[in-house]
Amino acid sequence: MAVAIVAAGGGVAWFAAEHPGWAAGIAGLLVVLFAGGLILRRRAIEAGRRRFLAANAELEKVDLMSGPEFEHLVAERMIAEGFRQVRECGGRGDFGVDITAVAPGHGRYAVQCKRYAGSVGAPEVRNFLGALANTFAGHTGVLVTSGRLTRQAREEALGAREPLILVERDRLADWLVGAAPLLPARRARRPGPLAGEEAT
């Protein structure tokens, strides 16, 4: 195998030395084909994501999902919204966080997913806040549930030193179709004064 690779490399070097114009043209063509292949692959992945999200945007379908399936749906929705470095880390040893992600211009996020038919209680919220205070310090916390929080759980979440972003059932329905983004809207930059004008 090694002999064949060396021989092939020698043949390529000889061809490039004997026919530099042809070699440059072939190299350029290979670069274009490779770049085109990457673009097509990315488009295929994005199209698959759109189909997956459209097929699972209804709460009735969410209610039939397992916990890991729900976490995957949330991760795919985050990617579609523009989050980067989205990583599913749920399961044993997840330290209370199911997904981590980075939002350009907004920092790091840690997400806990609760595919519940009932309500999320205060103990679950406290555990998540503990994870954010320790292992995931510096992350913005997001709690996404197919159910709803109890009154006490909501008070715990919103009264924390760094309040959680809450996505309960009603907001989840809107978020899954792109109508209620997690990230705050970017403020339009106010134009500065023109040359020769005074700021008011």
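Nothing here was measured: the structure is a model prediction, and the numbers come from that model.
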Distance in Å, [X] [atom1] paired with [Y] [atom2], rounded so as to fall on 0.5 Å steps:
X    : Y    : atom1 : atom2 : value
F128 : F136 : CZ    : CZ    : 8.5 Å
L132 : N127 : CG    : CG    : 11.0 Å
E155 : R151 : CD    : CZ    : 5.0 Å
T140 : L164 : OG1   : CG    : 10.0 Å
F70  : S146 : CZ    : OG    : 5.0 Å
E76  : L176 : CD    : CG    : 12.0 Å

Could you pull out the closest heavy-atom pair between [X] and [Y], with the gap in Å?
X    : Y    : result
L172 : T145 : CD2-O, 3.7 Å
C89  : V97  : SG-O, 3.6 Å
I99  : A75  : CD1-N, 3.7 Å
W175 : A180 : CD1-O, 3.0 Å
R126 : E156 : NH1-OE2, 2.5 Å
R84  : G82  : NH1-O, 3.2 Å

Determine whether a donor-acceptor pair (N or O, by modelled atom type, separation under 3.5 Å) exists between the side chain of [X] and the backbone of [Y].
X    : Y   : result
R115 : L64 : no
E69  : S66 : yes
Q112 : G96 : yes

### Message
Between R154 and E168, does any NZ, NE, NH1 or NH2 come within less than 4.0 Å of an OD or OE carboxylate oxygen?
### Response
yes
### Message
Under a 4.0 Å threshold between the charged nitrogen and the carboxylate oxygen, would D63 count as salt-bridged to R169?
### Response
yes
### Query
Does V102 belong to the same Ile/Leu/Val/Met/Phe/Trp/Tyr cluster as I165, with side-chain heavy atoms less than 4.5 Å apart forming each link?
no
#### Entry: V167 reachable from V177 in the ILVMFWY side-chain graph, under 4.5 Å edges
no
### Message
Against V111, only a single residue in E88, H139, M78 fulfils side-chain contact (heavy atoms from CB on, under 4.5 Å); can you say which?
### Response
M78
### Query
Please walk me through it: do L149 and L166 pass side-chain contact (heavy atoms from CB on, under 4.5 Å)?
CA-CA 9 Å; L149 275 71; L166 301 178; 4.0 Å; yes
### Message
Walk me through whether R77 and V86 qualify under side-chain contact (heavy atoms from CB on, under 4.5 Å).
### Response
CA-CA 10 Å; R77 179 67 241 168; V86 178; over 6 Å; no
### Query
Is Y109 close to L182 at the side-chain level, that is, under 4.5 Å between some pair of heavy atoms?
no
### Task
Begin from the C-alpha positions of L129 and E162 and carry the test side-chain contact (heavy atoms from CB on, under 4.5 Å) through to its verdict.
CA-CA 9 Å; L129 290 172; E162 297 293 338; over 6 Å; no
#### Entry: R108: partners by salt bridge (Lys or Arg N to Asp or Glu O under 4.0 Å), with sequence neighbours left out
none
